[in-house]
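These notes are about the structure you will find just below.
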Amino acid sequence: MKKTIYLDHNATTPVRPEVLEAMLPYLKGHYGNPSSLYHLGQEARKAVDRAREQVAHLLGVKNPEEIAFTSGGSESINWAIKGIAAVQRKKGHIVTTKIEHSAGLNSCKYLESRGWQVTYVGVDWHGRVDPAHIREAILPETVLVSVMHANNELGTIQPVADIGRICRAKGIPLHVDAVQTVGKVPVSVEDLQCDLASLAAHKIYGPKGAGALYIRPGTRLQAMIHGGRHERDRRAGTENVAGIAGLGAAAEWAQKNMKQKEKHVRHLRDKLEKALLSKLECTRLNGHPTERLYTTSNMSIECVEGEGMIIGLDMQGICVSSGSACSSGQTEVSHVLKAIGLPVELAKGSIRFSLGWDNTAEEIDSVIEVLPGIVNRLREISPLWGDYKKGVRKSVISKEAA
Ligand SMILES: *Cc1c(COP(=O)(O)O)cnc(C)c1O
């Protein structure tokens with residue numbers, strides 16, 4: 001087996017050694033229940049309290065009680081959306097965007113099936129939502145605006161602070177899916193003017209199955225999991241102590257190393273992007289040219305299928321993802337690539353590299369060396385590429401540029 005080169009950090013990240021260190025005691029000797037009064041329970045309680053402070057600090061939150069722990073990004077997002085809906089006296093309206101993560105989209109779809117109204121605001125060619133369009137979508141019945149901070153497929157960063165200002169002026173709560181930005185760029189709930197914010201440990205070198213929801217004081221939110229009085233009556237169930245301790249350690253590590261990490265990863269990402277765009281004909285970059293996470297590069301490579309590239313790269317030990325998936329013989333294009341209006345031919349050939357702190361220059365060099373060969377082999381068997389080479393078909397990308 002070849003050495004693994006992992007370039008799919010937007011899907012999940014490896015647990016950092018210092019995070020694992022912080023978790024281990026609570027999987028070993030310190031197994032007490034944080035609700036228990038004796039010393040073993042109180043040690044676990046301390047770990048949960050400490051993690052709450054670490055997460056609060058990362059979000060610029062003074063009072064750690066404004067952080068509630070959950071099982072991850074999806075739970076936090078479900079809770080924010082359904083929890084706001086559940087406290088309303090009558091069914092109302094929600095504003096969101098077309099490019100949200102499926103956790104946000106499907107929470108809204110669920111509410112629609114229960115008689116709610118939802119407006120899915122579109123985005124531009126770069127995946128950016130226009131705050132004016134959010135303002136226009138707000139109705140007298142609107143009870144929540146929910147937008148993501150950065151998109152997981154494209155890396156495009158939304159003008160959330162501008163949206164926050166609009167919501168604040170209208171007195172409508174704003175939920176931000178900050179799963180992709182927390183720990184990568186400074187995220188201050190004050191600056192974003194949001195009332196709820198979701199995050200997940202496993203996207204920032206923490207464990208899977210742990211996350212948090214920031215809840216601004218005064219935000220009326222229904223509990224979704226009922227039982228004991230955990231998390232100040234907001235989310236019942238004995239705490240995932242080891243996972244929470246890991247989330248706290250990951251938050252602290254991310255905050256300490258953010259600047260240095262950005263420099264390293266941005267350099268590698270830019271190098272990869274530049275080299276591939278120059279080496280591969282008929283290739284374009286998707287997402288915003290500048291307002292984009294420094295970790296993410298989404299490209300469309302014409303006349304090849306994303307899945308072919310994934311399999312070819314996997315045989316070389318390289319892990320990436322694609323914006324299309326083949327289900328029952330049909331290529332399905334991601335809702336995000338559809339929303340930016342990417343022609344289907346280009347969406348099918350999309351590939352996403354998402355880099356992390358652990359990547360090295362040698363790894364990037366390997367990808368730059370390996371991918372063109374894979375693309376050429378796939379193009380050799382593509383009738384479309386044959387037509388392009390014969391000059392009987394024009395490239396979608398060159399047409400687009402013209
Ligand atoms: C990964 C991700 C989620 C879901 O988080 P989980 O912890 O996997 O449930 C939600 N939103 C975005 C933007 C993500 O990248």
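Hydrogens, waters and symmetry mates are skipped; everything else that's a heavy atom, side chains included, is used. Counting starts at 1 for both ligands and their atoms, in listed order.
Distance from atom 8 (O) of ligand 1 to its nearest protein heavy atom, with residue and atom name: His202 NE2, 3.0 Å. Nearest protein neighbour of atom 13 (C) of ligand 1, counting heavy atoms only, is Asp177 OD2, 3.4 Å. If you check which protein heavy atom lies closest to atom 10 (C) of ligand 1, you get His101 CG, 3.3 Å. Nearest protein heavy-atom contact of atom 14 (C) of ligand 1 is Lys203 NZ, 3.0 Å. Annotation: atom 7 (O) of ligand 1 to nearest protein heavy atom, Gly73 N, 2.9 Å. Regarding atom 9 (O) of ligand 1, its nearest protein heavy-atom neighbour is Ser74 OG, 2.7 Å.
The salt bridge (charged side-chain N to carboxylate O under 4.0 Å, His left out) test with Arg52 singles out one residue from Glu252, Glu66, Glu231, and that residue is Glu231.
Around the NZ atom of Lys109, the shell of radius 6.0 Å holds more than 12 heavy atoms that belong to other residues, nucleotides or ligands.
His202 and Thr12 are linked by a side-chain donor-acceptor pair at a separation below 3.5 angstrom, with hydrogens and angles left out of the test. Looking at Tyr38 and Ser36, their side chains do bring a donor and an acceptor atom within 3.5 Å of each other. In this model, a donor atom of one side chain and an acceptor atom of the other lie less than 3.5 Å apart for Gln255 and His57.
Residue contacts with ligand 1, taken as heavy atom pairs separated by less than 4.0 Å, involve Met148 solely via side-chain atoms from C-beta onward. Looking at Thr12 against ligand 1, nothing comes within 4.0 Å, counting heavy atoms.
Atoms of ligand 1 found under 4.0 Å from any heavy atom of Ile77, numbered from 1 in the order shown, are 10 (C), 11 (N). Annotation for ligand 1: atoms under 4.0 Å from non-hydrogen atoms of Ala200 are 7 (O).
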Determine, step by step, whether Phe69 and Val55 satisfy the side chain to side chain contact (heavy atoms under 4.5 Å, CB included) criterion, reporting the C-alpha distance in whole Å, the side-chain angles of both residues, the deciding distance to 0.1 Å, and the verdict.
-> CA-CA 10 Å; Phe69 292 117; Val55 172; 4.2 Å; yes
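In terms of heavy atoms, Ala212 sits closest to Ser76 at O-OG, 2.9 Å.
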